[in-house]
Structures are given as C-alpha cells and as structure tokens.
Number of protein chains: 2
Amino acid sequence: MLDENCQTFVSDCHVRAAAELINHSWDPVVLSALRLGPVRRNDLLVRIGGISDKVLTQSLRRLQARTLVSKETAGHGGVVYRLTTLGESFANGPLAYLAQWAAEHQAELA
Amino acid sequence: MLDENCQTFVSDCHVRAAAELINHSWDPVVLSALRLGPVRRNDLLVRIGGISDKVLTQSLRRLQARTLVSKETAGHGGVVYRLTTLGESFANGPLAYLAQWAAEHQAELA
DNA sequence: GCGACCGCCTACCGGTTGGTAGGAATCGCG
DNA sequence: CGCGATTCCTACCAACCGGTAGGCGGTCGC
C-alpha cells in the first residue's frame, strides 16, 4: 500500500513513513514528554495533561513497537519508560524542529 | 482544550499545535505533492497515488483554512492549487526535515 | 494476611476519518 | 445546442481513534 504509491514521487514515500510516526495525535506529545527524562507511567499521566489511561498505554505500545521507547521494570510494581537512542534522535530532531516552527509561526496559524 | 493542557510543560503546547497540522494522514502528503509546483486538482489526484476524490477535497479545505494552500480559478472550469508562503515554509522546513530523517533511519524503523 | 497502589486489559460508546457512488453546476469545444 | 471535462457536493458505509468505566493481577508497606 505504500510501495506502489511511491511510483509517483519518491520523497513522498518518506513523508508517508514519517507521518505514520506522528499520525496518532498523542504520540508526538508522549515523545515530547519523555524528552524531559525517564518517568514512571503514572507520572507520565500527570506530566501529560488530559490524556486518558488507555490511550497512553496504546501510544506507548506503538512507540515500543517502533523502538522509539523502551520500558523497564522498577520497584513497587512500577515501570519506567524512557526514549531509546532512536527515540531521542526523533524527539530532538524532527519533532523539536516541528515544535520550533510552530512556535515561530504561531501568530500566522489560525 | 489546548490551553489548559499547556500548564504541564510549554514546549508540549507547540508540539500539539504542530501535530494538528499533520494529524490528518493525507495532509502532509498533499503538502509534499504541492512542493513540486502549482497543479490542477485532477493532476493532483494523479500525482498523489491512492487518494480518493472526497478526501483530497477535505484535505485541501483544511489546508486552505490554515492558509497553507491557496486556490486560483483557471480556464475550462479548472482550479489551480499552490502553496502559500506559509505553506512553503512548512513544506520545505519541518516537513522536509521529517522526510529526510525518515529516509536516514529507514532501516531502523520496523 | 490485608489494603493500597500500580500497570494493564476488556468491554462499550461517540465522533471522526476514509472510501464509494451518484449527481449537480460550470466551462469550453465541435 | 449537445457533449465531455472538471470541480464539488451529497448520501451511505466501514474502520479507526479517543474516552469512560470496570476489573484483574502484581508488588509493597502495615
């Protein structure tokens, strides 16, 4: 479904691949929140405001599947999530650039 | 819905604002396709493979509302869509960076 | 052991997105 | 005028995303 569409123009293929990383609306927010450092799940719920319990789990599952986030067990039946090297590369690179652009052009966006 | 969530950490607010620009899966593809130059609607349908007529219209409406894309009437009942200055800034900036990152890390992404 | 907390899972519901099909309005050409 | 091309709109449908509620099993402190 992605390959045959790449016939049209190649760069588009990479745009679609990248879009799938942030296409779920909460994923970029979770990645951005994890830039502040490793954090336990419940603290992540607080750090990100307004996300529901289930959605955070789903988002973390997706990000784990793409090896952007890793999970470690901690004491007290707790869990710590942190960015992987790939995740840091994405969060500090394209995602940070995206946020910076949005900040600069904030006034121009309705 | 966005403001009160910005209490948590400020950069996150901009991430969410930027995410709304590419939240709809076809929008980045349309913007990327328009980077190749102004184009009529039907040609855009061909240039982008696999998009449906209705979805392209909806995507263009959203992008027009955000002043990323402008529409001009052309002869023969035709219409020409092109990127605005803001749209070019976004497509050549964050979007291009995103695609470049995806191309570089293509192998690491499942 | 018991209660509290934590992570996670399972329904269910509502809204949105994407796809298909059909048709209306407009313009230019033969 | 008849016709095709183009743009756009309206249903209708399937699939998905996000939210709510409730429950299950694990670990820790008491």
Side-chain angles (χ1 to χ4, degrees), chain A residues 1-2 4-5 8 12 15-17 19-34 38-66 68-82, chain B residues 1-5 8 12 15-34 38-66 68-82:
Chain A
M1 165 192 172
L2 227 140
E4 65 268 18
N5 289 332
T8 50
D12 171 51
V15 168
R16 301 193 199 196
E20 285 181 4
L21 291 174
I22 47 184
N23 165 323
H24 299 269
S25 55
W26 281 109
D27 290 5
V29 180
V30 172
L31 286 173
S32 181
L34 284 173
V39 69
R40 286 189 304 128
R41 177 200 162 82
N42 263 9
D43 295 340
L44 200 53
L45 272 171
V46 176
R47 185 182 289 183
I48 308 170
I51 191 173
S52 87
D53 167 72
K54 190 193 68 170
V55 174
L56 176 60
T57 300
Q58 291 174 334
S59 180
L60 288 168
R61 290 280 177 281
R62 274 191 300 267
L63 297 172
Q64 281 181 80
R66 298 201 185 275
L68 293 170
V69 167
S70 66
K71 174 172 116 178
E72 305 160 19
T73 60
H76 224 74
V79 180
V80 170
Y81 292 95
R82 72 173 67 241
Chain B
M1 165 191 172
L2 225 140
D3 294 16
E4 64 268 20
N5 290 330
T8 49
D12 172 51
V15 168
R16 300 193 199 196
E20 284 181 4
L21 291 174
I22 47 184
N23 197 322
H24 300 268
S25 54
W26 282 109
D27 291 6
V29 181
V30 172
L31 285 173
S32 180
L34 285 173
V39 70
R40 287 189 304 128
R41 179 202 160 82
N42 262 9
D43 294 341
L44 200 53
L45 272 171
V46 176
R47 186 182 286 182
I48 308 169
I51 192 174
S52 86
D53 167 72
K54 191 192 69 171
V55 174
L56 176 60
T57 299
Q58 290 174 334
S59 179
L60 288 169
R61 290 279 176 282
R62 274 191 300 267
L63 297 173
Q64 281 181 78
R66 298 201 185 276
L68 292 171
V69 167
S70 66
K71 174 172 118 178
E72 305 160 18
T73 59
H76 223 74
V79 180
V80 169
Y81 291 96
R82 72 174 67 240

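None of these values were measured; they are calculated from a predicted model.
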Pairwise 5' ranking along DNA chain D for A:His76 and A:Ser25, keeping only the more 5' one:
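Comparing both residues, the 5'-ward one is A:Ser25.
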Tell me which of A:Gly75 and B:Asp43 sits closer to the 5' end of DNA chain D, going by the nucleotide each one is nearest to.
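Per heavy-atom nearest nucleotide, the more 5' residue is B:Asp43.
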Least distance between heavy atoms, B:Arg82 atom then B:Pro38 atom:
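Minimum heavy-atom separation between B:Arg82 and B:Pro38: NH1-CG, 3.1 Å.
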Mind listing the closest non-hydrogen atom pair of B:Ala33 and B:Leu44 along with its distance?
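Shortest heavy-atom contact: CB-CD1, 4.0 Å.
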Rounded to the nearest 0.5 Å, what's the gap from [atom1] on [X] to [atom2] on [Y]? Could you check?
X	Y	atom1	atom2	value
A:Arg41	A:Asp53	CZ	CG	4.5 Å
B:Tyr81	B:Leu60	OH	CG	5.0 Å
B:Gln58	B:Arg62	CD	CZ	6.5 Å

Let's see if you can work this out: which of D:dG18, D:dC12, C:dC8 has an atom nearest to the side-chain heavy atoms of A:Tyr81?
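Per side-chain heavy atoms of A:Tyr81, the pick is C:dC8.
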Of the candidate nucleotides D:dG29, C:dC8, C:dG19, which contains the atom at the shortest distance from the side chain of A:Val79?
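Given the options D:dG29, C:dC8, C:dG19, the side chain of A:Val79 is closest to C:dC8.
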Quick one: is [N] close enough that its OP1 or OP2 comes under 4.0 Å of any side-chain N or O from [X]?
X	N	answer
A:Thr57	C:dG7	no
A:Lys54	C:dC13	no
A:Trp26	D:dG19	yes
B:Asn42	D:dT7	yes
A:Arg61	C:dC9	yes

Rounded to whole angstrom units, what separation is found between the [atom1] atom of [X] and the [atom2] atom of [N]?
X	N	atom1	atom2	result
B:Arg41	D:dC8	CZ	C1'	6 Å
A:Leu45	D:dT20	CG	C1'	14 Å
B:Asp53	D:dC9	CG	P	10 Å
A:Asn23	C:dT17	CG	C1'	11 Å
A:Leu60	C:dC9	CG	C1'	15 Å
A:Gln58	D:dC16	CD	P	12 Å
A:His24	C:dT16	NE2	C1'	14 Å
B:Leu56	C:dT20	CG	P	14 Å

Less than 4.5 Å apart, side chain to side chain, heavy atoms only: is that true for A:Leu31 and A:Leu21?
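When only atoms from C-beta onward are counted, A:Leu21 and A:Leu31 do not touch, as no gap falls below 4.5 Å.
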Residue pair A:Val29, A:Ile51: steps toward the side-chain contact (heavy atoms from CB on, under 4.5 Å) verdict:
CA-CA 10 Å; A:Val29 180; A:Ile51 191 173; over 6 Å; no
Bending between helix ends of the helix from C:dG1-D:dC30 to C:dG30-D:dC1 [5 pairs per end, 10° resolution]
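About 10°, once rounded to a multiple of 10°.
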